[in-house]
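The next block holds one structure in the form of structure tokens; read it before the comments.
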Amino acid sequence: MIEELLTRKALEAFQELYKQDIDPRLITVQKTRREFEGDFTVVVFPVVRFSKKSPEETARQLGEYLLDNVEEVSDFNVIKGFLNLVIDDSFWFGFFSKAHHHAGFGIASAEGENPVVIEYSSPNTNKPLHLGHVRNNLLGYSIAKIVEASGKKVVKVNLINDRGIHICKSMLAWKKWGNGETPESTGMKGDHFVGKYYVMFDKHFRAEIKELVENGMDEELAEKEASLLMEAQELLRKWEEGNPEVMELWKKMNGWVYEGFDETYRRMGVEFDKVYHESDTYLLGRELVYEGLEKGVFDQKEDGSIWCDLRDEGLDEKLLLRADRTSVYMTQDLGTAQLRVDEYDPERLVYVVGNEQNYHFDVLKIVIKKLGRKWWDKIYHLSYGMVELPHGRLKSREGTVVDADDLMDEMYETAKSTTEALGKVEEFDEAGKKQLFDMISMGALKYFILKVDPKKTMLFNPEESIDFNGNTGPFIQYTHARIRSLHRKALERGLELVDDPGLVKLLPKEKNLLKLLFDFPAAVSEAAENYSPAVIANFCYDLAKEFNQYYQEVPVLREENPEIISFRLKLSEFVGNVIKTGMGLLGIEVPDKM
RNA sequence: GGCCCCAUAGUUCAAGGGAUAGAAUGGAGGUUUCCUAAACCUUAGAUCCAGGUUCGAGUCCUGGUGGGGCUACCA
């Protein structure tokens, strides 16, 4: 890397010029800001105490040394304590010649045995997916792609919370009021169908509480003793006992939900290498809790419930098993973590889970540590921010949710009408149109969500919807389509091209593009280190924006010189390929024409 | 009450302790006989408050204000 070379040479310069060995961390080489001349900048303020010269003088002497001793440096200028170095065109052109052929530029091949296991999605089987899940799924899938591109093996896993009181509520409602109807008989998508009964349970449950309270019962007590809740709990007990009738209903209703989820996953373009079900892992979790009890790291209370005392770590006591020995959320998460370690021996266990569960994961790590598992610190909670609506956060109960399927439908319609209004679809057949509208609508949605730093709370305004102009997915897709169009036109016109154009005088915009392209592998690494697709999204946007400016002011195909046409065309294609690769890391497809 | 997170143009987002805080959108104005105008160009507009550390603070520290989350024998 050129930055490392410059750092090394700068250190060398300090030895030569001032007889000083300085801490490499004091030398910062960064990209020169747009408004100044140069490609890389060394900030000399931190090292003036070693040179014992003014910042300007230090920068000037360092600049002269680098100009004399580093082949790539062709000029420099000094502004205050900033040394701006100009890298010779031949360096950038050399990079172009080497890299533009390479289809997988920026993508490292997987090495090492131990994979990174990434859990994402993790739905409950009682209701359809909403906007919060969309952020989760898109983040998880994209991060998996990015980590893979950074040269690691990745296993994408999903953990389905398929058991518990929530699904029992849906089951009970269906038994009581379903009259045997099914997704097929109603034409509803399976997850929406089951979700309907979950809502129905809640409605009747509320009504019952209201009635109990009106008859003089305390509200808190009513919420605990409502007959509907008791029945649902009875159903859960029967489930844990393996009651055949209950199991059958449970399997049937979960099956409906999975069919619905699969459709939504397919549409979002996400997939998994392995799917875990909580119903398969909670028993292992229970064994781990007993193990901890034997080791004396957990405690049993008089009623038989088992707890982990975390007060020494500044946290509270945490329940691990109920008095009746049924399991809680933490129990099954212990089990699944152990299972994954046994199965994959991972270098890291990444959990893509919302930041509302920060506390849960703090506790999980400590509990695993207390169990004596050395891999406790391989657990990494990728804690992403909530999606808020203009009126506050998403709340299923209050009906302020944005349903994932509805959202995708609306996006599709918007993409369709916008594209048709622009008169861009005459040349497409029906299948081509559908494919294009899918790409554009999902591109807009995915980019909108992924361009935001995962850790931050983000706002989604359904009224204003998602834009197709400016810093958006379709803008970048459009740039790609333009580049592909250039390529098509060049072939149509039978232009005389050369395979490896020789060194041409680089225009400023061309140099800017090459500098951006040069940074792509570093952007992939940075995105992988920080688990942040936003880094890639911003990179793609900058590249597309720079290209559009270039496209606007520089003719590509209308040049005389075949060498120059070839260079500009290949540079454009290089940009197009990197956009395609980068957007691919976000799970976004790019069209050849739009 | 305790613990955690956040605060940047009207709005939605950027900014690895570095130069004059970038974009987009919305506002105002402009570009199409020429490679796709979902584009491009010009223009106005912002770091919550008070201290501190530093040659240098949107970024780090302390206090305040405002917002969100967690603090379930729900998952």
Side-chain angles (χ1 to χ4, degrees), chain A residues 28 30 32-36 41 43 45-46 48-49 55 79-82 84 122-126 161-167 278 301 303 305-307 314-316 319-324 326-330 332-333 354-360 362 383 385-386 388 390 392-393 415 418-419 421-422 424 440 444 448 451-453 455-461 464 467-479 481-490 493 526 529-530 534-535 537-538 541-542 544-545 547-549 551-559 568-569 572 593-594:
Chain A
T28 55
Q30 52 197 249
T32 302
R33 297 182 55 142
R34 276 294 161 81
E35 54 271 36
F36 301 99
T41 294
V43 185
F45 292 112
V48 291
R49 61 196 161 104
I79 296 168
K80 294 189 277 184
F82 298 91
N84 299 322
S122 314
N124 292 343
T125 56
N126 62 330
N161 297 307
D162 59 346
R163 61 163 285 279
I165 192 72
H166 52 90
I167 182 68
E278 191 196 316
K301 300 222 165 169
D303 65 358
S305 57
I306 300 176
W307 298 72
L315 304 171
D316 274 327
L319 177 82
L320 299 178
L321 272 182
R322 297 188 185 103
D324 64 3
T326 55
S327 63
V328 294
Y329 184 33
M330 187 61 68
Q332 66 80 18
D333 247 358
N355 62 16
E356 59 196 345
Q357 292 192 36
N358 286 353
Y359 183 74
H360 172 79
D362 287 346
S383 160
M386 301 286 97
E388 283 184 357
R393 75 177 288 202
T418 307
T419 308
L422 288 168
K424 298 226 178 199
I440 295 174
F448 178 82
K451 76 172 179 190
V452 182
D453 183 334
K455 293 192 162 58
K456 293 196 175 167
T457 303
M458 67 177 292
L459 191 115
F460 178 83
N461 188 340
E464 292 174 12
D467 216 336
F468 289 63
N469 301 321
N471 188 355
T472 66
F475 169 88
I476 299 168
Q477 290 173 318
Y478 175 71
T479 309
R482 271 182 154 182
I483 290 169
R484 298 306 301 160
S485 172
L486 278 176
H487 178 79
R488 283 194 300 273
K489 285 264 156 56
R493 296 181 189 179
E526 191 193 333
E529 274 165 36
N530 299 318
V535 172
N538 290 331
Y541 176 69
D542 289 341
K545 177 132 185 92
F547 182 82
N548 276 325
Q549 290 168 0
Y551 181 92
Q552 196 74 24
E553 69 182 52
V554 179
V556 175
L557 302 179
R558 300 196 126 244
E559 258 300 322
R568 290 183 181 168
L569 193 57
S572 302
K593 200 195 281 185
M594 73 183 268

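Chain naming here is simple, since letters A, B, ... match the order of the sequence lines and numbering starts at 1 in each. When reading the values below, keep in mind they use all heavy atoms of this one structure, side chains included, and skip hydrogens, waters and symmetry mates.
In this structure the side chain of F460(A) reaches within 4.5 angstrom of the side chain of F448(A), judged on heavy atoms.
The backbone N or O of T326(A) lies less than 3.5 Å from a partner atom in the side chain of D324(A), making a donor-acceptor pair. R322(A) contributes no side-chain N or O that, together with a main-chain N or O of S305(A), makes up a donor-acceptor pair within less than 3.5 Å. Under a 3.5 Å cut-off, the side chain of N530(A) and the backbone N or O of E526(A) do form a donor-acceptor pair.
Of all nucleotides listed (C35(B), C4(B), G68(B)), C35(B) comes nearest to the side chain of R493(A). Candidate nucleotides C35(B), C74(B), A38(B) were compared by shortest atom distance to the side chain of M594(A), and A38(B) ranks first. In this structure, of C55(B), C70(B), C73(B), it is C55(B) that holds the atom nearest to the side chain of F45(A). Taking only side-chain atoms of N124(A), from C-beta outward, the nucleotide of A19(B), A14(B), A75(B) with the closest atom is A75(B). Listed nucleotides C73(B), G18(B), A38(B) differ in distance to V43(A); the shortest reach to its side chain belongs to G18(B). Distances from the side chain of N358(A) to the nucleotides U36(B), C4(B), C35(B) place C4(B) closest. Listed nucleotides A23(B), A19(B), U71(B) differ in distance to Y359(A); the shortest reach to its side chain belongs to U71(B). Side-chain proximity of F468(A) to the nucleotides A75(B), A38(B), G16(B) is greatest for A38(B).
A19(B) has F82(A) stacked on its base ring, the centres lying under 5.5 angstrom apart and the planes within 30 degrees of parallel. The aromatic ring of F475(A) does not stack onto the base of A39(B), failing the criterion of a centre distance under 5.5 Å from the six-membered base ring together with planes under 30° apart.
For C73(B), the base has a donor-acceptor partner in the side chain of D303(A) [N/O atoms by modelled type, under 3.5 angstrom]. No donor-acceptor contact under 3.5 Å links the side chain of T479(A) to the base of A38(B). At a cut-off of 3.5 angstrom, the base of A15(B) holds no donor-acceptor pair with the side chain of D453(A). At a cut-off of 3.5 angstrom, the base of U36(B) holds no donor-acceptor pair with the side chain of K593(A).
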Could you go through the side-chain contact (heavy atoms from CB on, under 4.5 Å) check for L557(A) and R568(A) one step at a time?
CA-CA 8 Å; L557(A) 302 179; R568(A) 290 183 181 168; over 6 Å; no
Test side chain to side chain donor-acceptor pair (under 3.5 Å) on H166(A) and N161(A); report intermediate values, then the result.
CA-CA 10 Å; H166(A) 52 90; N161(A) 297 307; over 6 Å; no
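Projected onto RNA chain B by closest heavy-atom contact, N355(A) and M458(A) fall at different nucleotides, the more 5' of which corresponds to M458(A). Mapping T419(A) and A323(A) onto RNA chain B via the closest heavy atom, the residue that lands nearer the 5' end is T419(A).
Residue contacts for F448(A): at a heavy-atom cut-off of 4.0 Å it reaches no nucleic acid atom on any strand shown. Counting non-hydrogen atoms under 4.0 angstrom, I165(A) reaches the backbone sugars and phosphates but no base. Residue S327(A) is classed as a sugar-phosphate contact, given heavy-atom separations below 4.0 Å to backbone atoms only. Among the atoms of the strands shown, none is found under 4.0 Å from any heavy atom of A490(A).
Between Y478(A) and A38(B), a side-chain N or O to OP1/OP2 separation shorter than 4.0 Å is present. Between A75(B) and Q332(A), no contact under 4.0 Å exists linking OP1 or OP2 to a side-chain N or O. In this model, the phosphate group of A75(B) is approached by a side-chain N or O of R322(A) to a distance below 4.0 Å at OP1 or OP2. K80(A) has no side-chain polar atom (N or O) that falls below the 4.0 Å cut-off from OP1 or OP2 of G18(B). Within the structure, every side-chain polar atom (N or O) of T457(A) is placed at least 4.0 Å from both OP1 and OP2 of C6(B). At the phosphate of A21(B), neither OP1 nor OP2 sits under 4.0 Å from any side-chain N or O atom of R33(A). Between C5(B) and K456(A), no contact under 4.0 Å exists linking OP1 or OP2 to a side-chain N or O.
Below 30°, between 30° and 60°, or above 60°: for Y541(A) and F475(A) the angle between ring planes is between 30° and 60°, a tilted geometry.
A gap of 27 Å separates the C1' atoms of A23(B) and G66(B), to the nearest Å. Remark: the separation of the P atoms in G22(B) and G45(B) is 13 Å, to the nearest Å. A gap of 13 Å separates the P atoms of U11(B) and U47(B), to the nearest Å.
Separating the NZ atom of K545(A) from the C1' atom of A38(B) is a distance of 13 Å, rounded to the nearest angstrom. What separates CG of D316(A) from P of U71(B) is a distance of 10 Å, to the nearest Å. Note: CG (N461(A)) to P (G10(B)) measures 18 Å, nearest angstrom. Distance, N471(A) CG to A38(B) C1': 13 Å, rounded to whole Å. What separates CD of Q477(A) from P of A38(B) is a distance of 14 Å, to the nearest Å. Rounded to a whole Å, the CD atom of E388(A) is 14 Å from the C1' atom of G66(B). Rounded to an integer number of Å, the gap from CG of L319(A) to P of A72(B) is 11 Å. Per the geometry, CG belonging to N469(A) stands 10 Å off C1' belonging to A24(B), to the nearest Å.
Counting only Watson-Crick and G-U wobble pairs whose two key distances fall under 3.5 Å, RNA chain B forms stems of three or more stacked pairs at B:1-7 with B:65-71, B:10-13 with B:22-25, B:27-31 with B:39-43, B:48-52 with B:60-64.
Expressed to the nearest 0.5 Å, how far OG1 of T419(A) lies from CE of M594(A) amounts to 6.5 Å. Atom CG of residue D333(A) and atom CD of residue Q357(A) lie 8.0 Å apart, to the nearest 0.5 angstrom.
Side-chain atoms of T472(A) and D467(A) form no donor-acceptor pair, as typed in the model, at a separation below 3.5 Å.
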